[in-house]
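Since the structure comes first, as structure tokens, the remarks are kept for the end.
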Amino acid sequence: MKKLLLIDGSSIAFRAFFALYTQIDKFKAPNGLHNNAIYGFHTMLSNVIAAENPSHILIAFDAGKTTFRTKMYPEYKGGRAKTPDEFREQFPFIREMIDALGIKHYELDDYEADDIIGTLAHQADLSDFDAITVVSGDRDLTQLTTQKITVEITIKGVGELETYTPDYMMEKLGLTTDQFIDLKALMGDKSDNIPGVTKIGEKTGIKLLLEYGSLEGIYDNIDSMKKSKMKENLINDKDQAFLSKELATIDKHSPITITLDDTVYNGPDFDKLIKFYDTMGFKKFKDELSGDNIPQVEKSEIAYTLISNQDELNDLDFSSDQFLYLEILGESYHKSDIIGFAWGNKDNFYVSKNLLLLSDERFKIPQNTYDFKKNKVLFHRQGVDYPLVEFDSMLAKYLISTTEDNKIATIADFYELEPIASDDEVYGKGAKIAVPEDDELFDHLARKVRVLAESKGLMEEDLNNYSQKELLSDMEMPLSDVLAKMEIRGIKVNRDTLNQIGQENEKSIEKLTSEIYEMAGEEFNINSPKQLGVILFEKMGLPVIKKTKTGYSTAVDVLEILAPQAPIVDKILKYRQLTKIQSTYVQGLSNEIAPDDKIHTRYVQDLTQTGRLSSVEPNLQNIPVRLEEGRKIRKAFVPEWDDSVLLSSDYSQIELRVLAHISGDEHLIAAFENGDDIHTSTAQRVFDIENPDDVTANDRRNAKAVNFGVVYGISDFGLSNNLGISRAEAKKYIDTYFERYPGIKNYMEEIVRFAKDKGYVETLYHRRRKLPDINARNFNVRQFAERTAINSPIQGSAADILKVAMINLDKKLTEGNFKSKMLLQVHDEIVLEVPNSELEEVGKLVKDTMESAIELKVPLIADENSGKTWYEAK
DNA sequence: CAATTCACG
DNA sequence: ACGTACGTGAATTGG
């Protein structure tokens with residue numbers, strides 16, 4: 001029997017919430033989350049599944065506020081009360097529950113759940129399904145009934161169902177299902193704000209339909225009706241009646257991307273479900289899962305083939321869809337050597353320690369891997385070119401979820417495959433890290449390959465559902481190739497320059513140290529906040545401005561307040577500044593200069609929550625620039641070739657431009673289109689200054705802080721802190737800002753609402769960040785998630801745009817046979833080495849490429865500088 | 001190994 | 001009433 005069950009998730013959740021609303025205080029999960037709607041939804045589901053025993057199930061949800069119906073009639077569903085927060089916070093968990101129950105769910109932009117259900121029900125009606133059951137809390141769905149389609153409407157909360165068939169409809173109303181739609185067109189619907197015809201209700205509507213058959217029938221015969229108020233109303237409201245009919249009619253041909261085959265029901269995922277019941281405190285449901293339902297996970301053996309001799313490659317088949325995995329100890333692939341590697345598909349695994357295999361032309365590099373960039377560097381160190389492959393599991397996993405790391409053991413866990421040992425368990429960590437015996441090493445490598453092979457299909461499914469296929473194939477994958485080349489190339493750093501800066505700093509530090517000791521009256525460790533705190537706040541009795549968890553805070557903002565009160569404080573600030581430059585930059589960078597006189601950083605491509613890169617060993621994204629003393633460090637970064645310069649190109653205000661684009665705020669857009677100085681423009685609007693020349697430096701500074709705040713998800717406290725003004729004053733700034741930039745305010749409200757409903761936010765390129773805390777009970781935790789919801793699409797889209805620019809630029813430089821090369825990326829900036837002979841042409845190319853990476857509602861601007869060192873290229 | 005501080009966008 | 005700006009990495013101290 002093929003039986004399809006279609007559930008109107010939005011309406012059932014709504015009914016369930018209000019059915020148990022009186023007991024809402026009793027329905028709370030251990031973590032405080034209200035769960036009455038979740039509980040009610042589950043009860044309804046279990047009952048229906050037990051009664052119907054469906055082979056296919058789909059739960060449809062409404063996608064959002066606007067639909068094709070609101071486009072047709074903006075008042076549609078207008079005037080509805082706001083969804084209570086206690087209800088909204090349960091949405092993401094209802095979806096999580098449905099996932100754990102192994103049931104598919106679906107929603108479609110611009111369409112309601114009704115239309116998804118109507119379309120699938122209609123398709124199933126015409127195919128080989130034996131029966132279709134639709135469950136909803138909304139009687140409108142009864143228009144779908146046919147001989148095969150039964151519609152069940154919840155009554156008395158969600159506990160009981162009323163079954164609608166064509167016969168039952170005839171019996172109850174005396175109408176056919178088509179006539180039921182016409183009835184609604186005549187009488188309208190208050191809850192959906194469908195107008196209908198004035199003064200016609202259920203009784204009159206049924207009478208008319210019985211007499212004339214249909215809405216069209218009524219109007220065809222309207223002339224023969226005798227004169228009455230009702231006739232007049234019918235004539236006056238004719239357009240409205242037909243519009244109402246259109247609104248009331250469920251679309252049976254909506255452009256769904258899900259098929260009937262996708263809705264196959266195979267029962268719950270017991271592990272997930274038990275975890276879910278635990279977090280919800282649903283003991284009753286958990287007990288109902290009898291132990292023998294739960295399949296036991298057995299530890300499997302894994303057989304692999306050791307390939308130690310190159311000639312064995314003759315007998316191997318590389319044609320199937322294989323993965324390659326290279327292992328090193330630790331992370332530093334620029335320095336550490338390969339300790340072993342493995343390749344294979346779901347069934348066959350090969351392992352080896354013989355690196356000569358990798359440079360043997362009989363070794364055909366598999367098109368799937370884990371951490372392509374690492375591999376490319378390692379291959380390069382073997383003297384082998386490693387062209388870009390098709391699929392990188394590490395990057396795929398990063399796009400699917402940033403909540404946890406992307407190690408292979410985590411992937412196994414994420415997709416509930418057989419667990420594998422962690423690298424720490426196999427290799428040890430810290431000082432004890434070591435290569436294990438061959439057996440253990442090879443077993444571990446083969447298991448990694450198995451996880452990769454088994455998870456690929458699951459990842460592709462997720463990427464598909466998240467619309468992220470292109471994000472992987474056209475952005476992260478090609479970028480990893482570009483980054484690999486940049487890392488391999490490295491940037492030349494002049495040791496002597498660093499040493500010279502170091503020696504000068506050393507002298508100043510010595511002098512400051514003895515001055516500080518003298519002023520303090522004793523010697524102590526100035527680097528220790530604890531000891532410094534004792535000197536400043538106990539011995540010298542300076543006022544405590546701020547405390548940390550462990551004692552007094554001695555951070556810069558605190559010391560700056562104290563500086564006028566004690567001359568020692570300025571010395572300490574200066575000491576801090578110089579020792580920071582000395583230890584992190586002079587010494588830190590010197591230690592990272594490789595034998596080729598270059599620094600090869602590693603860009604971590606799978607870490608940040610927003611899509612930015614990070615840079616480690618060393619971090620080349622935080623080389624000092626703001627203060628002159630630190631900025632000198634940049635003089636040590638130089639071109640590799642004679643007659644070349646470093647060229648730096650950075651986006652101007654990319655985050656505010658992205659904000660202007662996604663919010664669509666007309667004023668912010670206009671400012672960028674005019675080419676105004678954006679902070680001056682903001683100052684003008686917020687402080688009511690007509691002429692830009694009348695904006696003072698201080699006005700501009702304040703406006704700049706407000707603009708930053710907007711991007712970060714502003715709060716009056718944060719702004720007041722940053723500007724050193726009162727909270728009331730900060731609040732005034734913010735209120736005025738939102739009043740003058742209503743589009744921004746609207747964006748912030750919309751994106752937070754989206755996050756609360758969906759549990760995630762995304763960038764212009766569908767990069768996703770989950771926000772599990774968006775509905776948290778804890779005010780702080782929740783507010784943090786809300787600010788994150790505002791900031792992540794902005795920061796993330798900006799990051800995406802620079803990634804696109806880098807990929808495009810790399811292609812153009814390669815295809816144009818330029819000698820110029822990209823060296824560094826610093827979030828909104830690219831640094832290149834450019835021969836003087838190419839400077840003019842490449843300068844234009846870089847600027848054009850960056851400015852045309854994406855078409856936004858505002859222009860994108862890149863500013864360039866070049867010079868003999870990085871210091872001069874700013 | 002956590003906490004503090006400070007460098008960057 | 002709650003108590004905050006968004007995203008990172010490295011050096012240092014001290015339990």
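Throughout, protein chains are lettered first and strands after them, A, B, ... in sequence-line order, and every chain is numbered starting at 1.
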Aromatic stack A/F717/C/dT4: centroid gap under 5.5 Å, interplanar angle under 30°: yes
Could you point out which residue of A/K374, A/H600, A/E487 forms a side chain to side chain donor-acceptor pair (under 3.5 Å) with A/Y333? A/E487
Both A/N622 and A/R782 contact DNA chain C. Which one's nearest nucleotide lies toward the 5' end? A/R782
When you measure from the side chain of A/Q795, which nucleotide among C/dG7, C/dT4, C/dT13 comes out closest? C/dG7
Examine B/dT4: is either OP1 or OP2 under 4.0 Å from a nitrogen or oxygen in the side chain of A/T550? Give yes or no. yes
Would you indicate what A/N525 reaches in the nucleic acid, counting non-hydrogen atoms under 4.0 angstrom: base, sugar-phosphate, or nothing? sugar-phosphate
If you look at every strand shown and take non-hydrogen atoms under 4.0 Å, does A/Q609 touch a base, only sugar-phosphate, or nothing? sugar-phosphate
With heavy atoms under 4.0 Å as the rule, sort A/L719 into base, sugar-phosphate or nothing. base
Select base, sugar-phosphate, or nothing to describe what A/E617 touches, counting heavy atoms under 4.0 Å on all strands. sugar-phosphate
Taking only side-chain N and O atoms of A/S583, does any of them lie within less than 4.0 angstrom of OP1 or OP2 on C/dA10? no
Touch class at under 4.0 angstrom, heavy-atom based, for A/V711 against every strand present: nothing
Need one value for A/D828: base, sugar-phosphate or nothing, where a base atom within 4.0 Å counts as base even if backbone is also close, heavy atoms only. sugar-phosphate
What's A/V604 touching, base or sugar-phosphate or nothing? Going by heavy atoms closer than 4.0 Å. nothing
Indicate, with a heavy-atom threshold strictly under 4.0 Å, whether A/G713 touches base, sugar-phosphate, or nothing. nothing
Please evaluate residues A/F687 and A/Y733 with respect to the criterion ring-ring contact (aromatic ring centres under 6.0 Å, His included), reporting the C-alpha separation (whole Å), side-chain torsions for both, the decisive distance (0.1 Å), and the verdict. CA-CA 8 Å; A/F687 307 132; A/Y733 283 10; 5.3 Å; yes
